[in-house]
Structure formats: C-alpha cells, structure tokens
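Taking it in order: structure first as structure tokens, then the write-up.
Just so you know, these numbers use all the heavy atoms, side chains as well, and skip hydrogens, waters and symmetry mates. Letters go in sequence order (proteins before strands), and every chain restarts at 1.
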There are 2 protein chains.
Amino acid sequence: MSQSPKQSAGRTVPTSADVARLAGVSRATVSYVLNNTAAVRISEPTRRRVREAAEELGYVPHAAARSLRAGHSRMVLLPTAHVPIGPLYSRFFNDLQWALRRLDYTVVQYGSVGLDPDEAARAWAELRPVAVVSLGQVELTPQGVELLKRSGAKAVITVGPQRVEGTHALVMDQAQVGRAAGAHLVERGCRTIGVVMPEEPGLEMFSVPRLAGVRAAAEAAGAEVLPLPLRYEEEPAGALAGRWRELGLDGVFAYNDEYAMLLMRALQDAGIAIPGETAVVGSDDLVIGRLLRPRLSTVHIDMVMGRELAELVDRVVRDPESAPERQELLDSRVVRRESS
Amino acid sequence: MSQSPKQSAGRTVPTSADVARLAGVSRATVSYVLNNTAAVRISEPTRRRVREAAEELGYVPHAAARSLRAGHSRMVLLPTAHVPIGPLYSRFFNDLQWALRRLDYTVVQYGSVGLDPDEAARAWAELRPVAVVSLGQVELTPQGVELLKRSGAKAVITVGPQRVEGTHALVMDQAQVGRAAGAHLVERGCRTIGVVMPEEPGLEMFSVPRLAGVRAAAEAAGAEVLPLPLRYEEEPAGALAGRWRELGLDGVFAYNDEYAMLLMRALQDAGIAIPGETAVVGSDDLVIGRLLRPRLSTVHIDMVMGRELAELVDRVVRDPESAPERQELLDSRVVRRESS
DNA sequence: TTGAAAGCGCTACCAA
DNA sequence: TTGGTAGCGCTTTCAA
C-alpha cells in the first residue's frame with residue numbers, strides 16, 4: 001500500500017484533528033470552539049489558540065462528514081434545465097436562492113438536462129437534500145417524489161402549472177394567462193384567434209395551458225382558436241406571416257413578448273396592419289415590448305416572491321404538516337397598449 | 001387515516017446494511033454488486049438477491065458517505081450569481097453542464113449572490129469539489145483559489161475577462177469586442193463615440209473591458225470616447241436621448257443588443273436619424289436586433305464550446321500540469337446591418 | 001465467493 | 001473546562 005504524500009501541492013487537506021494537534025487540544029474542543037456550541041463553555045485563551053490554529057492551517061470543515069454525522073443536511077436542491085424562461089422567472093429564481101441562504105440553507109442547483117424523471121430523482125436523492133424545490137423545468141413523477149421522501153427529503157415542493165402527487169404544490173395557473181389574453185382579444189372584437197406555440201423544447205409546460213386558457217375564453221364567446229407552431233427565428237416568422245391572410249386570423253396571442261415581437265415584425269413586413277387587420281397580444285410585460293411600434297399589448301404576470309416561497313420551504317421542512325398542500329400564486333392582468 | 005403507517009412518516013432511510021440484511025448477505029457484498037466491482041466475482045443468484053432487495057427498499061446510496069470514504073468526490077462546482085448575461089452565455093453554460101455529466105461528474109451550481117469573494121470560496125470549499133469552474137460572475141481572489149486547492153480541488157478554472165493567480169484561465173478578452181466595435185465605428189467615419197455602460201450591477205466585468213477596447217480603437221484613430229451610464233428602462237433612455245445633441249456624438253457602442261435596441265428606440269423618438277446622425281452598434285447578435293428598423297449592426301461573438309471546456313476540466317483534474325495555464329477562447333467580428 | 005472490520009471527518013454524549 | 005470515543009454510511013483490504 002503506497003502511502004504517497006502526493007497531494008496536489010504536496011500537503012494534505014487539514015482536518016479538525018490537525019487543528020487540535022496544532023492547538024494542543026482535543027478534537028472535541030475544536031468542534032466546540034469552531035461551532036460556538038452554546039452548551040459548553042471554553043476558556044478564552046483556548047478559543048483563541050484553536051482559532052489561530054484553524055486559521056494557520058486554512059482549515060475548512062468537511063460538509064459531507066458533518067452532515068453524515070448529523071444525519072441531515074441543510075441543502076435545498078433546485079433542479080434546473082436550460083429553459084429560456086425569461087427575466088420574470090430568473091428574477092424569481094434569484095430571489096428564492098437569496099432568501100433561502102438567509103434562512104441558512106445551502107442552495108444548490110442541479111442541472112438535469114437529458115435525464116429521465118426517475119434517473120433525475122435518484123441523482124438528487126443521492127445528495128440527501130432536506131428539500132427539493134422544482135420550478136417545473138424538470139418533470140417530477142409520483143415515484144420520484146416517493147423516492148426523495150424516502151431518502152430523507154422533508155419537503156418536496158413543485159412550482160409550476162401542474163399538480164404532482166405527494167408534493168406541496170404552488171400552482172401557477174398558466175391557463176389564467178391565456179384566459180386573460182383570450183378574453184381581451186374577444187372583447188376587441190376578434191373572432192378567429194391564433195395562438196403561437198413555441199417549437200423550442202421545454203416550453204410546453206407553459207404554452208399548452210396558455211393555449212387551453214385562450215380556448216376557454218374564446219369558445220365561451222363563440223370565437224375560433226388556431227394553434228400556430230413557431231420557431232424563434234426570422235425565417236419561420238416570415239413564412240407564417242406570408243400565409244397569414246389565408247389563415248383569416250384577426251387576433252393572435254403570441255405566447256410571450258419575444259415571440260410577439262418577432263411575429264409582429266414579420267406581419268408588418270408582410271403588410272398586415274396592426275392592430276387594424278390583426279390584433280397582437282404578448283405576455284410577461286418585458287421591456288422590449290415597448291420598443292416596437294405599435295407598442296405591444298401584453299399580459300402582465302405577478303409572481304409570488306422568492307422570499308415567500310423560501311419561508312414556505314422552511315415551514316415545511318420544520319413541520320411537513322403545517323402548510324396547505326396547494327396554493328395559487330399567480331395573478332395576471334392585461335396591459336393594453338397599441339397592438340390590440 | 002388511509003395511509004399505511006409502516007411506510008409513511010416514521011420510516012427511516014434505508015442503508016446498505018438494510019439491503020444486506022434483506023438479501024441475507026454482508027454489506028461488502030452489497031457494495032460489490034451495486035458498484036459492479038470488477039475485482040471481485042459474485043455469483044449470479046447473489047447478485048439478483050441483492051438487486052431485488054435494493055429495489056424493494058428503494059435504496060439510494062448516500063453520496064456524502066461515499067465520497068467521505070473515497071477521499072474525493074466527482075463534484076464540479078459552478079459558482080453563479082444572477083447576472084442577466086443573455087442567451088449566449090446561458091447556452092454555453094448549459095452545454096458545459098451536459099458535457100461534464102457525460103464525463104461522469106456531478107455538476108452543481110452554487111448561487112453566491114451577496115457573498116464576498118472569500119466567504120464564497122470558503123462555502124464552496126466545504127463541499128470539497130474536485131473542480132471549480134468560475135464563469136466570471138463571481139469574483140475569485142488568489143487567497144480563495146489557494147483555499148480551494150488546499151481543500152482538495154484539483155482544478156480551479158476561470159472563464160472570464162480576467163486572469164486570476166493560481167488558476168487555469170480561459171480568457172475571454174472582452175476588450176476585443178470593444179475594439180471590433182470601435183474600429184468599425186471609426187471606419188464609418190465616427191469621431192466622437194459614446195459607449196453605453198449598464199448600471200445594473202454585475203455587468204462591470206464585461207462592460208469595463210469593452211469600453212477599454214473601444215477606447216483603444218478610437219484613440220488610435222484620433223477619435224474621442226464618452227462613457228454613457230444607462231439603466232435598462234425606458235425613462236433613462238429617453239432622458240439620455242433628450243440631451244443627445246448636446247453630447248455631440250456621431251456613433252455609439254451600446255454594450256449589447258438589448259441596450260442598443262432600447263437606446264435606438266429612444267433616439268428615434270427624439271428625432272435623431274440612424275445611422276445618418278448617429279451610428280449604433282450593439283453586441284451579441286441576438287434575434288431581437290433584427291426586429292427594429294434600421295436593423296441593428298452588432299458584434300457577433302464566437303464562444304468556446306461547453307464540450308471543449310468540459311474536456312479541459314477533466315484533463316486538469318486528472319493531471320493538473322497537463323494543460324496550458326492560459327488560453328484564449330473568444331473570437332468576435334462585426335456584423336454590419338443598417339444601423340451603422 | 002463471501003464476510004469481518006477498519007476508517008474517512010465530524011459532532012455529541014459522558015467522564016474526568 | 002476539556003478529553004475520550006462511538007458511530008453516521010460507505011468502500012476496501014484481508015481473512016476465511
């Protein structure tokens with residue numbers, strides 16, 4: 001057995017035992033001092049010696065060892081996939097992380113692109129997170145939830161359009177966004193309404209319920225709805241605009257402001273008058289929506305704040321029974337500008 | 001109560017010992033079977049018994065215990081902050097994660113907003129990652145690097161505008177972007193060039209070198225450069241446009257296409273002719289840059305691919321001496337459209 | 001072919 | 001006020 005002292009810079013990673021040795025105390029004392037354990041009182045000179053030794057060695061506690069010993073971690077795992085979800089979502093995401101860290105959780109995003117739902121759940125479970133907060137970018141099955149809970153997760157929370165068995169669900173009723181847009185278009189007199197469906201993968205979770213919402217609102221008023229698959233590029237937008245008149249649409253809900261901008265530009269280039277010939281409504285109320293002319297009408301979405309969600313996570317971790325299983329958290333309203 | 005009490009709340013997380021007991025073998029055998037250890041041969045019936053037991057219990061290995069025992073992990077840590085860096089970066093980021101997982105690393109993003117550089121490095125070190133890849137969103141000091149290496153990180157790689165002592169650096173020379181834009185504007189005849197500097201925090205790492213690049217190109221040709229702080233909102237853009245003529249600018253590099261769009265719209269609303277009175281150049285070659293009229297000229301950036309970086313990470317992990325300490329990885333060129 | 005047991009780094013209980 | 005030490009879940013050496 002070759003005991004090679006071949007650590008990267010020749011030295012080995014310092015442990016609490018090294019600190020104890022250098023300070024001339026026991027490992028227990030080191031632990032007490034560095035964790036400020038309230039139940040034990042250590043003399044000031046000893047404290048100082050321990051601190052100095054730790055400093056000198058560049059000692060950093062080993063999180064895995066600590067949580068192994070403790071039997072639990074404070075890791076909150078956020079599964080992510082690359083879904084170009086826009087500033088709204090990413091702002092929320094950031095707030096959430098910040099708020100969780102303030103509550104003393106270690107927040108870790110786990111990129112799960114290309115894993116199937118059960119593989120993914122297993123990979124997360126290996127890390128033994130105390131909570132998993134799925135923002136709906138990655139699918140979560142009831143089996144996955146069960147596995148996570150079995151491996152110690154106190155809270156499994158989903159934020160998204162769908163309800164998942166066994167989780168605490170923060171429902172974002174995307175259909176509501178579609179209903180708002182649909183109702184608005186109907187009210188503006190539209191009778192045949194197109195709904196842009198992005199072809200980029202990963203957006204179905206949002207686009208499908210939004211379409212359903214438009215449908216509900218439109219059909220209640222006797223208007224027709226036509227889904228319009230579209231890739232986020234100039235060419236397909238131009239092609240769609242090219243056959244616009246044969247589609248006979250007098251209104252369109254364009255998934256979000258970015259797709260709306262793309263389509264609107266293509267329609268204008270094709271000589272379609274907006275809103276005269278076709279009314280256009282986007283969603284998410286992005287800054288860019290105000291840059292084209294006519295200014296884009298949009299659905300403004302009020303999202304739950306990251307801090308609130310962080311508090312929910314904390315509450316569920318402390319007492320899994322304490323929170324409602326399901327909570328609505330999205331509110332939306334149409335901001336009418338000039339394109340509708 | 002409709003739930004069977006046995007497997008709901010009070011149950012404990014199954015360990016390899018539980019699997020061993022259920023299968024009627026030792027823990028060692030469980031480990032051999034589940035890890036397909038090549039050095040040991042286990043009979044097929046035993047293998048099956050172990051697998052079935054693991055399945056039945058929903059056993060998931062404990063990553064912390066495993067890496068504690070192994071003395072190392074395969075975790076690659078990517079520090080992140082919320083920097084609205086655009087699709088270019090986020091695409092790269094995603095590719096990197098995917099490629100690293102294919103090389104059997106566990107990729108974890110660690111949100112580090114609001115931590116100072118040394119706190120952050122310490123927090124990362126606690127997780128004992130085998131590699132840290134900093135995409136330049138979070139600052140890394142030489143002390144931080146030293147700490148990480150001391151705690152076992154084999155590779156510390158920075159990707160960004162700056163070189164950091166002790167790391168393998170993949171330099172993205174953002175100044176080059178500025179130089180390209182500056183040279184282009186000078187060539188179009190501009191003599192007094194504005195450079196938009198976003199006021200949103202976190203972008204200085206990109207905006208400052210880009211400004212320096214424009215300066216270099218402009219001053220070589222005897223042109224002047226004026227920094228223009230700007231927040232990403234309609235109002236400040238309008239205000240800037242309002243005092244445009246007194247600034248006497250005949251060209252502007254607008255940081256990126258989004259800021260360029262915002263500014264261009266404000267300038268047009270203020271009656272400034274583009275490119276006649278002022279030429280506008282953005283950066284990053286985003287889709288939206290083609291939606292306004294005139295179409296936006298931009299600096300197209302070719303970034304290194306995530307896969308290449310993943311391979312570099314792997315090489316450095318396996319042999320820290322094997323790779324060059326510094327490598328250029330950004331190439332840029334002006335795409336002239338109509339705004340310049 | 002399988003089992004017993006040591007030990008990774010840490011904390012918490014109990015003893016001194 | 002401090003030290004000794006068991007044991008968290010896992011892998012791996014050595015023995016059977």
Whole angstrom is fine here: how far is it from [atom1] in [X] over to [atom2] in [N]?
{"X": "A/Arg27", "N": "D/dT5", "atom1": "CZ", "atom2": "P", "result": "11 Å"}
{"X": "B/Leu68", "N": "D/dG7", "atom1": "CG", "atom2": "P", "result": "17 Å"}
{"X": "B/Arg66", "N": "C/dG7", "atom1": "CZ", "atom2": "P", "result": "22 Å"}
{"X": "A/Asn36", "N": "C/dA12", "atom1": "CG", "atom2": "P", "result": "13 Å"}
{"X": "B/Arg150", "N": "C/dG9", "atom1": "CZ", "atom2": "C1'", "result": "18 Å"}
{"X": "B/His62", "N": "D/dG7", "atom1": "NE2", "atom2": "P", "result": "18 Å"}
{"X": "A/Asp18", "N": "C/dC8", "atom1": "CG", "atom2": "C1'", "result": "13 Å"}
{"X": "B/Arg48", "N": "C/dT1", "atom1": "CZ", "atom2": "C1'", "result": "16 Å"}

What I'd like to find out is whether the side chain of A/Ser151 reaches to under 4.5 Å of the side chain of A/Trp124, using heavy atoms alone.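 Sidechains of A/Trp124 and A/Ser151: no contact.
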Less than 4.5 Å apart, side chain to side chain, heavy atoms only: is that true for B/Leu77 and A/Val108?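 When only atoms from C-beta onward are counted, A/Val108 and B/Leu77 do not touch, as no gap falls below 4.5 Å.
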Report the nucleotide, chosen from [options], that has the shortest atom-to-atom distance to any side-chain atom of [X].
{"X": "A/Tyr32", "options": "D/dC10, D/dT1, D/dG3", "value": "D/dG3"}
{"X": "B/Thr15", "options": "C/dG9, D/dC10, D/dT11", "value": "D/dC10"}
{"X": "A/Arg69", "options": "C/dC8, D/dT2, D/dC8", "value": "D/dC8"}
{"X": "A/Ser26", "options": "D/dC10, D/dG4, D/dT12", "value": "D/dG4"}
{"X": "A/Ala28", "options": "D/dG4, D/dT2, D/dC8", "value": "D/dG4"}
{"X": "B/Ser16", "options": "C/dT11, D/dG3, D/dC10", "value": "D/dC10"}

Here's a test of your reading of the structure: between A/Val40 and A/Ala17, which maps to the more 5' nucleotide of DNA chain C?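 That would be A/Ala17.
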Map A/Asn35 and B/Ile42 onto DNA chain C by nearest heavy atom, then report which one ends up closer to the 5' terminus.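 This one resolves to B/Ile42.
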Mind checking if B/Thr46 touches a base, just sugar-phosphate, or nothing, with heavy atoms under 4.0 Å?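 The residue B/Thr46 makes sugar-phosphate contact but no base contact.
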Using every non-hydrogen atom in the two residues, find where A/Arg49 and A/Val25 come nearest and quote the distance to one decimal.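 Nearest pair, atom of A/Arg49 first, then A/Val25: NH2-CG1, 3.7 Å.
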Just by modelled atom types, is the B/Pro14 backbone N or O under 3.5 Å from a matching donor or acceptor in the A/Arg150 side chain?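 It does not hold such a pair.
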Hey, what do you get for CD1 (B/Ile157) to CG (B/Leu312), rounding to the nearest 0.5 Å?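 Here the rounded value is 4.0 Å.
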Any A/Ser31 side-chain N or O less than 4.0 Å from OP1/OP2 of C/dC10: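 Looking at the OP1 and OP2 atoms of C/dC10, neither is under 4.0 Å from any side-chain N or O of A/Ser31.
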Nearest-nucleotide wise, let me know which of B/Thr37 and A/Gly71 is further upstream toward the 5' end of DNA chain D.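 Nearest-nucleotide comparison on DNA chain D picks A/Gly71.
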